[in-house]
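Input: a single structure, listed below in structure tokens.
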Amino acid sequence: MQSGPTPRVAAAYIAAMLLTVLMAGCKEKQQAPAAPGPPDVEVTDVTQRNVPVYHEWVAQLNGRTNAQITPRVQGYLLVQNYRNGFFVKKGQLLYEIDPHAFEVAITQAKAQVAVAVANLSNADNNVARDRPLAAQSAIPQKQLDTDIATQAANQAELDSAKAQLAQAQLNLAWTKVYSPIDGIAGLSTAQIGNLVGTTTVMTTVSQVNPIWAYFNISESDYLTEAQTIYRLISGKRVASPVLEFIQANGETFPRKGRVVLINREVATQTGTIQVVAEFPNADAVLRPGGFGRVRFQTGMNEGALLVPQAAVIEVQSMYQVAVVEPGNKAAFRIVKVGDRVGTDWIITEGLKPGDKVIVQGFMKVREGTPVNPKPFVAVAEHD
């Protein structure tokens, strides 16, 4: 007969069983997740300052003078003497056309002049010899008349030969094509070896300093300033408005411009009149064909309220912003917007100075949602 476990073994067994149950209970028990805190949002204060009011128009740039370079004679292009897209000076050699045919023409013209000189000399001698003979009735008067007519004809032939020689010399000189203005020379459309002539536009040289900006104003805008414009085009001294040019990248061109030309008519199809502004452009930053906006200041919006454009939400042609109210709770307000000023937007209704608007994170909140506001830091723009 076997004996049962001793009391000590039984106690150890029971303790092990209890430990196993306790460990299993700990594994099954899950730790409750911590409640999420309010979302972080970046806020900035509504600012108030005086903002200039501008009137602006879309403009296109063009050279004050755009000289199309066309040869005056026909021939084969031998040399291009400038670099495409580089500055050239007035009188700088741009192209050379094969001169050999024109050199031959000069030699021929000189020979014709020599023949005409010889014929005229012979006619002069005949007149000098026959004039006293005719006076003595030694020869018929008709013979002297014929000598004088021949002399006049030979003189005319000599004049014609000299004119042809001058034309041949001009043609030879025109085989060298020079720039008529200072400016930037464009890409050459004529290649070495091409046959070029008086209808060939080989390149264009544009005067870009100053450069002109063309824009169109409405007829009502024109009528508002009609008296000032009349004095301007009459040659009277008028204080022309100081114009600014906003480049395609949104940056303001540093040099100011002035109105230099107003077209003679209102376009019947658009009801606008063309105006030209002139801007100094010594560094050739502005180029013909470029687009931008011309503007001038018409007044001052005093005490305007501004917020970053990123804070304004557009929903179905309505604008709203999210603000942080006392107690750090979000609220949405419908606003009316005005002009854009740089990266900011003028708010004409719906906000007051000192309101805190949410610039980043408003997509994470709803009306009355608690938030954790942090200062908004604008990202610096790089050139």
Can you confirm whether the side chains of Asn171 and Gln167 place a donor and an acceptor under 3.5 Å from each other? yes
- Message: Counting only heavy atoms not in Leu223 (residues, nucleotides, ligands), do more than 12 fall under 6.0 Å from its CG?
- Response: yes
Taking the side chain as every heavy atom from C-beta outward, state whether Pro38 and Asn328 have any atom pair closer than 4.5 Å.
no
Q.
Taking the side chain as everything from C-beta on, heavy atoms only, tell me whether Val335 gets closer than 4.5 Å to Glu349.
A. no
query: Ignoring hydrogens and geometry, is there a side-chain-to-backbone donor-acceptor pair from Trp345 to Gly338 under 3.5 Å?
result: yes
CD1 (Ile229) and CD1 (Ile262) are apart, to the nearest 0.5 Å, by 4.5 Å
Heavy atoms of Pro39 and Pro370 approach each other most closely as CD-O, 3.3 Å
Heavy-atom closest pair (Phe245 atom, Ala59 atom, distance to 0.1 Å) is CE1-CB, 4.2 Å
So salt bridge (charged side-chain N to carboxylate O under 4.0 Å, His left out) across residues 174-197, not counting sequence neighbours, yields Glu96-Lys176
Self-check item: Pair Phe296 and Trp57, ring centroids less than 6.0 Å apart
Solution: yes
Any side-chain heavy atom of Val341 sitting closer than 4.5 Å to one from Ile346? yes
Does NZ belonging to Lys162 count more than 12 external heavy atoms closer than 6.0 Å? no
Here the pair of heavy atoms bringing Leu243 nearest to Ala277 is CD1-CB, 3.4 Å
Self-check item: Any donor-acceptor N/O pair, Asn154 side chain to Leu158 backbone, under 3.5 Å
Solution: no
Aromatic Phe279 / basic Arg255 pairing, under 6.0 angstrom, 45° off normal: no
Thr203 side chain to Leu187 main-chain N or O, any donor-acceptor pair under 3.5 Å? yes
Electrostatic pair Asp145:Lys142 at N-O distance under 4.0 angstrom:
no
*Can Asn372 and Asp40 be counted as having a side-chain donor-acceptor contact under 3.5 angstrom?*
yes
* Asked: Are the side chain of Asn194 and the backbone of Val196 linked by a donor-acceptor contact shorter than 3.5 Å?
  -> no
When Asn119, Thr146, Asp124 are each screened for side-chain hydrogen bond (donor to acceptor under 3.5 Å, both in side chains) with Gln151, the one that passes is Asp124
Quiz item: Would you say the side chains of Trp212 and Glu278 form a donor-acceptor pair under 3.5 Å?
Solution: yes
Sorted by chain and number, sequence neighbours left out, ring pair (Phe, Tyr, Trp, His ring centres under 6.0 Å) with Tyr82 holds for Tyr95
> Is it the case that more than 12 heavy atoms not belonging to Gln309 sit under 6.0 Å from its CD atom?
Replying inline: yes
message: Strictly distance-based, threshold 3.5 Å: is any side-chain N or O of Ser206 a donor or acceptor partner for the main-chain N or O of Val208?
response: no
Is it true that atom CD of Glu367 has more than 12 heavy atoms of other residues, nucleotides or ligands lying nearer than 6.0 Å?
yes
| query | Under a 4.5 Å cut-off applied to non-hydrogen side-chain atoms, are Pro375 and Glu42 in contact? | reply | no
Worksheet entry | pair Thr224-Tyr222: side-chain heavy atoms closer than 4.5 Å | no
Discussion item. Please check this pair: side chain of Asn66 against backbone of Asn62, looking for a donor-acceptor N/O pair closer than 3.5 Å.
Written reply: no
Closest non-hydrogen contact found for Thr252 with Arg295 is OG1-NH2, 4.0 Å
Between Arg333 and Asp355, is a salt bridge (charged side-chain N to carboxylate O under 4.0 Å, His left out) present by the stated rule, with each step listed? CA-CA 11 Å; Arg333 295 183 187 174; Asp355 281 345; 2.8 Å; yes
Got Phe376 and Val43 here, is their nearest side-chain heavy-atom distance under 4.5 Å?
-> no
Next item on the list: Report yes if some heavy atom in the side chain of Val177 is under 4.5 Å from a heavy atom in the side chain of Ile69; otherwise report no.
Entry: yes
* To do: Look only at the side chain of Ser188 and the backbone of Ala190, and say whether a donor-acceptor pair between them is shorter than 3.5 Å.
  => yes
Between the CD atom in Gln68 and the OG1 atom in Thr189, the distance rounded to the nearest 0.5 Å is 9.5 Å
Practice task
Determine yes or no for a side-chain-to-main-chain donor-acceptor pair under 3.5 angstrom, with Thr198 supplying the side chain and Val73 the backbone.
Solution key: no
**Item:** Side chain Asp98, main chain Leu78, donor-acceptor under 3.5 Å
**Value:** no
Discussion item. Side chains of Ile192 and Tyr76, heavy atoms from C-beta outward: is any pair under 4.5 Å?
Written reply: no
Closest non-hydrogen contact found for Gln155 with Leu120 is OE1-CD2, 3.0 Å
| Backbone N/O of Ala105 and side chain of Gln108: donor-acceptor pair under 3.5 Å | no
